[in-house]
Amino acid sequence: MKLIKQDIEKDNSGYVRLSPEEPEDMWHVYNLIQKGDQLQASTIRGIKSETTTGSVSTDRIRLKLTISIEDVFFDVQAGALRINGRNIVENKHVGIGQYHTLDLEMNQPFTLSKPEWDMISLQRVKDACDITRQADVAAITMQEGLAVICLLTQYMTVVRQRIEVPIPRKRRGSTENYEKG
């Protein structure tokens, strides 16, 4: 993870601007975010506009929104976070209090503000941004007909591939097909 900017006051309020670079970074962000925090990120929103003739058209535009976080969903396979909340900064296209879902993805910078940063959260940011702590180990588990390839990091295990092959059953008198499988 890349720390772009950090501004923590003496009363432990403040913000950090981060850019996740790996799937494990999204896991760190998931554990940093809490209900009531504020998140600012770039997003795409459909805006409906009505012409003078009465026809309605929908345009998709890129906005920078700041929401108060209410719910977080982490999709491990996609390595993405879906964060739901209400808009708290007035915008030309989105009113204050309107709900929006921000999708955080890798290499998409965002700003996380907290009313109070605790020592655990600050340490998590420091650990996530320290490149020397990210040692990976690959592991392969195998059994008859199944192999799973995993990457082990300090904080999580990521399943990279699952390989299944049908194995013929043993038959009385002939185990040739079973041994070939």
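Just so it is clear, the values below take in all heavy atoms, side chains as well, and ignore hydrogens, waters and symmetry mates. Positions are given from 1 along the sequence.
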- Task: Decide yes or no on side chain to side chain contact (heavy atoms under 4.5 Å, CB included) for L81 and V29, but give the supporting numbers first.
- Result: CA-CA 9 Å; L81 282 168; V29 173; 3.4 Å; yes

- At what distance, to the nearest 0.5 angstrom, does NZ of K126 lie from OG of S121? 14.5 Å

- Task: Calculate, to the nearest 0.5 Å, the distance between atoms CD1 and CD1 belonging to I67 and I83 respectively.
- Result: 6.5 Å

- Query: Taking only residues two or more places apart in sequence or in another chain, which ones pass ring-ring contact (aromatic ring centres under 6.0 Å, His included) with Y15?
  - Reply: none

- For L146 and E164 the tightest heavy-atom approach is CD1-CG, 3.4 Å

- Report the residues that fulfil ring-ring contact (aromatic ring centres under 6.0 Å, His included) with Y30, sequence neighbours left out, ordered by chain and then residue number. F74

- Query: Roughly how far apart are E105 CD and D103 CG, rounded to 0.5 Å?
  - Reply: 6.0 Å

- Apply side chain to side chain contact (heavy atoms under 4.5 Å, CB included) to the pair Q38 and I88, showing each step before the final yes or no. CA-CA 8 Å; Q38 298 174 2; I88 58 171; 3.3 Å; yes

- Minimum heavy-atom distance between S68 and G36, given as atom pair plus value: OG-O, 4.2 Å

- Task: Take Q6 and R17 through the test side chain to side chain contact (heavy atoms under 4.5 Å, CB included) and record every step on the way to the result.
- Result: CA-CA 6 Å; Q6 178 176 344; R17 182 147 179 85; over 6 Å; no

- Query: If you look at every heavy atom in Q108 and P20, which pair is closest and at what distance?
  - Reply: O-CD, 3.7 Å

- Message: Donor-acceptor pair, distance only, cut-off 3.5 Å: does the side chain of N84 make one with the backbone of T101?
- Response: no

- Query: Would a 4.5 Å heavy-atom cut-off, applied to side chains only, mark M106 and P23 as touching?
  - Reply: yes

- Are the side chains of L3 and V16 in touch, meaning some heavy atoms are under 4.5 Å apart? yes

- Between the CE atom in M26 and the CG atom in D75, the distance rounded to the nearest 0.5 Å is 10.0 Å

- So which pairs with a foot in residues 47-73 pass ring pair (Phe, Tyr, Trp, His ring centres under 6.0 Å), sequence neighbours left out? none

- Within the side chain of W117, is there an N or O that forms a donor-acceptor pair under 3.5 Å with the backbone of I8? no

- Answer yes or no: is there a side-chain heavy-atom contact under 4.5 Å between Q34 and D37? yes

- Query: Atom CG of L102 and atom CG of L104: how far apart are they, to the nearest 0.5 Å?
  - Reply: 6.5 Å

- Contacts of S49 meeting side chain to side chain contact (heavy atoms under 4.5 Å, CB included) (sequence neighbours excluded), chain-then-number -> S57, D59

- Message: Among residues at least two apart in sequence or on other chains, which ones pass side chain to side chain contact (heavy atoms under 4.5 Å, CB included) with I140?
- Response: M142, I149

Donor-acceptor contacts, no H, no angles, side chain residues 89-100, under 3.5 Å, sequence neighbours left out:
{"from": "N91", "atom 1": "OD1", "to": "H93", "atom 2": "N", "distance (Å)": "3.0"}
{"from": "Q98", "atom 1": "OE1", "to": "G95", "atom 2": "N", "distance (Å)": "2.9"}
{"from": "Y99", "atom 1": "OH", "to": "E70", "atom 2": "OE1", "distance (Å)": "3.3"}
{"from": "Y99", "atom 1": "OH", "to": "R86", "atom 2": "NE", "distance (Å)": "3.1"}
{"from": "Y99", "atom 1": "OH", "to": "R86", "atom 2": "NH2", "distance (Å)": "3.0"}
{"from": "H100", "atom 1": "ND1", "to": "R45", "atom 2": "NH1", "distance (Å)": "2.7"}
{"from": "H100", "atom 1": "NE2", "to": "T43", "atom 2": "OG1", "distance (Å)": "3.0"}

- Query: Out of curiosity, does I44 fall in the hydrophobic cluster containing L39 (side-chain heavy atoms, cut-off under 4.5 Å, transitive links)?
  - Reply: no

- Say whether, by atom type as modelled, one donor and one acceptor occur between the side chain of D127 and the main chain of R124 under 3.5 angstrom. no

- Check for a donor-acceptor pair, side chain of D25 on one end and backbone N or O of E21 on the other, with a separation under 3.5 Å. yes

- Between P115 and S13 the two heavy atoms that sit nearest each other are O-CB, 3.1 Å

- At what distance, to the nearest 0.5 angstrom, does CE of M1 lie from CG of L32? 6.5 Å

- Does K114 come within less than 4.0 Å of E116, counting only side-chain N to carboxylate O? no

- Backbone N/O of H28 and side chain of N31: donor-acceptor pair under 3.5 Å: no

- Message: Run the side chain to side chain contact (heavy atoms under 4.5 Å, CB included) test on L18 and I4 for me, step by step, so that the C-alpha distance in whole Å, both residues' side-chain angles and the decisive distance to 0.1 Å come before the verdict.
- Response: CA-CA 6 Å; L18 301 167; I4 299 170; over 6 Å; no

